[in-house]
Amino acid sequence: EIPEPKESPPPPKTSAAAQLDELMAHLCEMQAKAAVKPDVSKKHLPDKQGDKPSLDSMLGGLEQDLQDLGIATVPKGHCASCQKPIAGKVIHALGQAWHPEHFVCTHCKEEIGSSPFFERNGLAYCPKDYHHLFSPRCAYCAAPILDKVLTAMDQTWHPEHFFCSHCGEVFGAEGMPLGSFKKTSRAFP
């Protein structure tokens, strides 16, 4: 005969677990109060956008509901784009605070979020647009120069595109084709 397993007592609650239980109980109370007062929720109707509530209206409604219940929300600043308070994630860039979805490339309007970006005249650009708009261009291929730039004959070049038009060899640091140097035993005066 197999003995039945003994139930071990549950481990003692940590303070974090107790706080979570308390928070869940409070949220259940909030939900019950909201269900009892249907007319209160009507004042927070979401903006009509094809019958889908917008994120801004949902967040505004949630913030108002929390305030109605006496729970203070502390904004982390005001978004430089929409001027609304930031309650969740925040991006600090260009000396201002932004909602991550509102920190976008000035040119293509794609979200930059926490990705690398370039600043020019106080505006943010994604790397692709910055190089397309502002990087020097190679006199040979006309592509933006992203790394090393060689300046010669009042133009800019990719170092590998600055070569002899006669033999096609790339010029070295001294300005001569790299393959044109020959070892000799003769000393020059």
Distance, nearest 0.5 Å, that separates CH2 of Trp98 from CD1 of Ile112: 9.0 Å
same_hphob_cluster(Leu94, Tyr125) at 4.5 Å side-chain heavy-atom cutoff: no
Aromatic ring pairing His99/His102, orientation class (parallel under 30°, perpendicular over 60°, tilted between): perpendicular
Over all atoms of both residues, closest heavy-atom pair of Val170 and Pro159: CG1-O, 3.6 Å
Selection residues 131-149 - residue pairs positive for side-chain hydrogen bond (donor to acceptor under 3.5 Å, both in side chains), sequence neighbours left out: His131-Ser135
Cys141/His158 under side chain to side chain contact (heavy atoms under 4.5 Å, CB included): CA gap, chis, key distance, verdict: CA-CA 9 Å; Cys141 70; His158 289 109; 3.5 Å; yes
Euclidean distance, Phe162 CZ relative to Thr156 OG1, rounded to 0.5 Å: 11.5 Å
Check: Gln96 side chain, Ala93 main-chain N or O, donor-acceptor pair, under 3.5 Å: no
ILVMFWY cluster, Met153 and Phe163 together (side-chain gap under 4.5 Å): yes
Val104 with Ile91, same ILVMFWY side-chain cluster at under 4.5 Å: no
Spacing of CG belonging to Leu123 relative to OH belonging to Tyr130, to within rounding of 0.5 Å: 11.5 Å
Value rounded to 0.5 Å, distance of SG in Cys138 from CG in Leu146: 11.0 Å
Contact summary for Trp157 and His161, nearest pair of heavy atoms: CE3-O, 3.7 Å
Expected output: side-chain Thr106 to main-chain Ala124 donor-acceptor under 3.5 Å: yes
Cys105 to Asp129 - nearest heavy-atom pair and separation: SG-OD2, 3.3 Å
Atom pair NE2/NZ of His107 and Lys128 - distance to nearest 0.5 Å: 8.5 Å
Test ring pair (Phe, Tyr, Trp, His ring centres under 6.0 Å) applied to Phe103 and Phe117, step by step: CA-CA 10 Å; Phe103 186 58; Phe117 69 95; 5.1 Å; yes
Minimum heavy-atom distance Glu119-Asn121, with the two atoms named: OE2-N, 3.4 Å
Approximate separation, where rounding is to 0.5 Å, of Cys82 SG and Glu101 CD: 8.0 Å
